[in-house]
Amino acid sequence: MTEQKPLVEVRNLQKWFSVSNHFFSIKQNYVKAVNGVSFKVNKGETLGVVGESGSGKTTLGRAILRLTEPTGGEVLLEGQDFLKFNKRELRKNRDSLSCIFQDPQASLNPRLTVGDLIADPMRIQKKPSTKRERYEKVLELLDVVGLNRDVMWRYPHEFSGGQRQRIGIARALALSPKLVICDEPVSALDVSLQSQVLNLMDDIQKSMGVTYIFISHDLSVVKYVSDNIAVMYLGKIVEIAPKEKLYDNPIHPYTEALLSAIPIPDTKVKRTKIILQGDIPNPMNIPSGCCFRTRCQEAQYICADTVPEMKEYSPGHFYACHLR
Amino acid sequence: MNPRGEFPVLEVRNLQTYFYTTRGIVKAVDDVSFAVQKGKTLGIVGESGCGKSITSLSIMRLLPALTGKVVGGEILFKDRNLLELSDKEMRSIRGNDIAMIFQEPMTSLNPAHTIGKQISEAIKLHKKTSEAEAKNLTLELLSVVKIPNPEKRYDQYPHQLSGGMRQRVMIAMALSCEPEVLICDEPTTALDVTIQAQILDLIVEMKNKFGTGVMMITHDLGVIAEVADDVIVMYAGKVAERASVDDLFENPLHPYTEGLLNSIPKLHRTHERLKSIKGMMPKPTDLPDGCLFHTRCDYVKDICKKELPEEIYMGGRTVACWKYHDKWKEQKT
């Protein structure tokens with residue numbers, strides 16, 4: 001990896017949700033949704049975050065954005081700790097972050113026209129400050145995402161899923177953010193539309209130089225868009241590496257199993273499948289030691305005793321496993 | 001009988017299912033024919049709105065009674081046309097001879113009853129066994145579908161199980177009466193990849209064990225490549241292409257199939273820009289004239305805009321595209 005100052009650095013980020021079993025109960029239980037996650041993303045690059053449901057990938061995205069307050073750790077955005085901001089500072093600095101959600105139907109206000117929806121973040125931030133300039137910016141954004149200019153007077157329900165996601169992307173880009181967190185942006189779309197949206201996101205990155213954190217459960221999509229990939233399991237990153245290294249040479253048993261489990265749309269590719277037993281454990285009751293040990297075929301005594309540390313396999317390729 | 005000398009367990013001929021809505025008639029399934037062979041898996045693939053689920057609901061006769069109607073065609077099962085049976089006769093076939101697994105197991109299981117009760121109910125209904133026998137059978141089934149600790153699970157409610165476990169319960173229930181045809185409608189779409197691998201593995205294992213004919217409906221070409229023997233690609237209610245799974249992935253004939261295969265990111269290939277299909281699916285109430293795909297097709301010529309292509313036979317497979325017809329080759333773009 002080149003020695004360049006990362007745009008975002010996340011250090012030991014934690015988000016524990018407290019759950020009490022009873023109103024008067026003294027003992028606090030926690031769902032450790034994000035449990036000590038660290039990574040760096042360089043400017044103009046994409047970090048893919050993959051994991052199964054319940055692995056904490058969405059909470060990670062929300063915690064970075066402070067849509068849910070993290071319970072610990074640091075998020076350094078160009079050296080500034082985003083988590084230390086008070087409310088006013090946060091609002092002032094929000095423009096450098098933005099997000100695209102999974103379900104464009106749910107994330108677009110049905111009562112606003114597309115033009116108002118896209119202009120909304122600009123209106124709140126007063127950037128640009130006049131209505132006229134904002135209007136022009138909206139038109140420009142509609143061109144960027146490949147929508148007709150006259151759609152700005154229409155309402156979200158008039159559009160199909162793929163077009164709605166384009167509106168969502170236009171809104172996310174309204175304030176020219178440095179970092180865009182994309183939470184499953186194409187999962188709700190059909191394959192033919194999915195590729196259109198992925199290509200669009202790629203074009204935008206190349207022309208505007210935005211940085212993405214791309215959260216998805218679909219490993220083939222993540223491979224397509226990312227430079228580096230982090231694999232999450234029960235709130236922890238178990239392996240993080242540049243994508244070629246991760247796909248060609250997965251070290252962690254979970255990554256290995258995950259990669260082998262994806263159905264490949266080609267009958268000529270023959271592989272040995274590793275079928276994991278059981279389900280992902282309840283995040284309220286995380287196994288001791290290595291969190292993957294309950295499903296790992298190679299688990300030893302040490303796995304139950306100590307939490308594995310992140311080890312470097314090759315430059316930029318980190319993994320957390322005792323046995324490899 | 002097909003050219004390979006197999007007899008189909010279920011045969012659908014020229015099925016037409018229409019929906020009568022206030023905005024006009026929606027031809028959800030229009031002139032679709034296929035056969036499910038014993039011990040084989042037929043994959044039906046297509047995007048949302050292509051009519052793949054409606055095909056399965058038509059076979060099971062589970063269409064919404066007021067709006068949806070099968071207006072033509074035959075569904076042949078054991079020399080009987082399912083469309084002509086009375087409701088009572090159909091009930092004895094449904095679940096008994098033809099079973100179905102749905103996408104979201106939580107919505108197809110009753111949250112107010114234990115899973116043991118739900119499975120044994122199906123057994124009691126179709127096999128006329130006693131309570132105790134049904135329970136034994138259920139426990140056996142639960143262990144066949146690899147649910148750990150069946151005795152404990154028998155008395156649990158659906159919400160106490162995980163998604164993968166619930167889908168296993170659905171499979172157990174579907175297999176309880178040893179059906180000859182198993183229709184799986186997106187059985188793994190709601191599941192994680194590692195769980196998906198478990199469930200697909202289980203479906204294939206069950207198919208081999210009981211010799212069931214499986215109809216696998218999915219939008220995921222990866223799943224198709226993994227489990228199917230023969231594939232039908234559907235677009236806007238019509239069959240675009242049918243082929244064996246190897247032929248389809250090796251050499252897709254229909255421009256739509258080609259587009260679909262090109263638009264998915266491949267895990268085993270290096271980064272290349274995705275080719276996407278332009279535009280989007282036409283509105284079902286407002287289908288274009290001629291070939292339904294012509295608005296998005298790269299090979300479009302005049303004839304495509306005017307006439308609907310018929311299925312052309314090409315060495316054991318068919319494709320509904322003018323590109324393989326002499327008329328198209330003669331025409332200039």
Minimum heavy-atom distance Ile195(B)-Arg295(A), with the two atoms named
CD1-NH2, 4.1 Å
Which answer fits Leu198(A), side chain, backbone, both or neither, if we ask what part of it has an atom under 4.5 Å from a heavy atom of chain B?
side chain
Would you find a donor on one side and an acceptor on the other, under 3.5 Å apart, between the side chain of Gln194(A) and the backbone of Ile264(B)?
no
Mind checking what makes side-chain contact (heavy atoms from CB on, under 4.5 Å) contact with Glu158(A), not counting sequence neighbours?
Arg154(A), Tyr155(A)
Most contact-rich option vs chain B, by heavy-atom pairs under 4.5 angstrom, among Leu276(A), Ile280(A), Asp218(A), is Leu276(A)
Identify the two heavy atoms, one from Gln198(B) and one from Ile275(A), that lie closest to each other, and give their separation to 0.1 Å.
CG-CG2, 3.7 Å
Measure the shortest side-chain to side-chain distance between Asp201(B) and Lys273(A) over non-hydrogen atoms and say whether it is less than 4.5 angstrom.
no
Check against side chain to side chain contact (heavy atoms under 4.5 Å, CB included), Gln163(A) and Met280(B)
CA-CA 10 Å; Gln163(A) 286 173 312; Met280(B) 54 194 146; 3.5 Å; yes
Gap between atom CG of Asp246(B) and atom CG of Asp266(A) - 0.5 Å precision
9.5 Å
Determine yes or no for a side-chain-to-main-chain donor-acceptor pair under 3.5 angstrom, with Asn199(A) supplying the side chain and Leu274(B) the backbone.
yes
Given Asp248(A), Leu259(A), Ile262(A), Val222(A), the one with more heavy-atom pairs under 4.5 angstrom with chain B than any other is Ile262(A)
Residue pair Ser192(A) / Met281(B), side-chain heavy-atom distance below 4.5 Å:
no
Set of residues satisfying side-chain contact (heavy atoms from CB on, under 4.5 Å) with respect to Ala225(B), sequence neighbours excluded
Thr267(A), Phe249(B)
In terms of heavy-atom contacts, Asp192(B) and Ser53(A) come closest through OD2-OG, 2.6 Å
Can you see which heavy atom on Glu47(B) is nearest to which on Leu193(A), and at what distance?
OE2-N, 4.5 Å
Is Lys27(B) atom NZ crowded by more than 12 heavy atoms from other residues, nucleotides or ligands, each under 6.0 Å away?
no
Sequence neighbours excluded, the answer for side-chain contact (heavy atoms from CB on, under 4.5 Å) partners of Pro158(B) is Met106(B), Leu109(B), Ile115(B), Gln118(B)
Side chain, backbone, both or neither of Ile224(B) within contact of chain A (heavy atoms, under 4.5 Å)
neither
Return the minimal non-hydrogen interatomic distance between Ser263(B) and Val191(A), and the atom names on each side.
OG-O, 3.8 Å
CD of Gln196(A) to NZ of Lys278(B): how many Å apart, nearest 0.5 Å?
11.0 Å
Residues of residues 159-168 of chain B with any heavy atom under 4.5 Å of a heavy atom in chain A:
Ser162(B), Met165(B)
Relative to chain A, which of Ala197(B), Pro265(B), Gly279(B) shows the most heavy atom pairs under 4.5 Å?
Pro265(B)
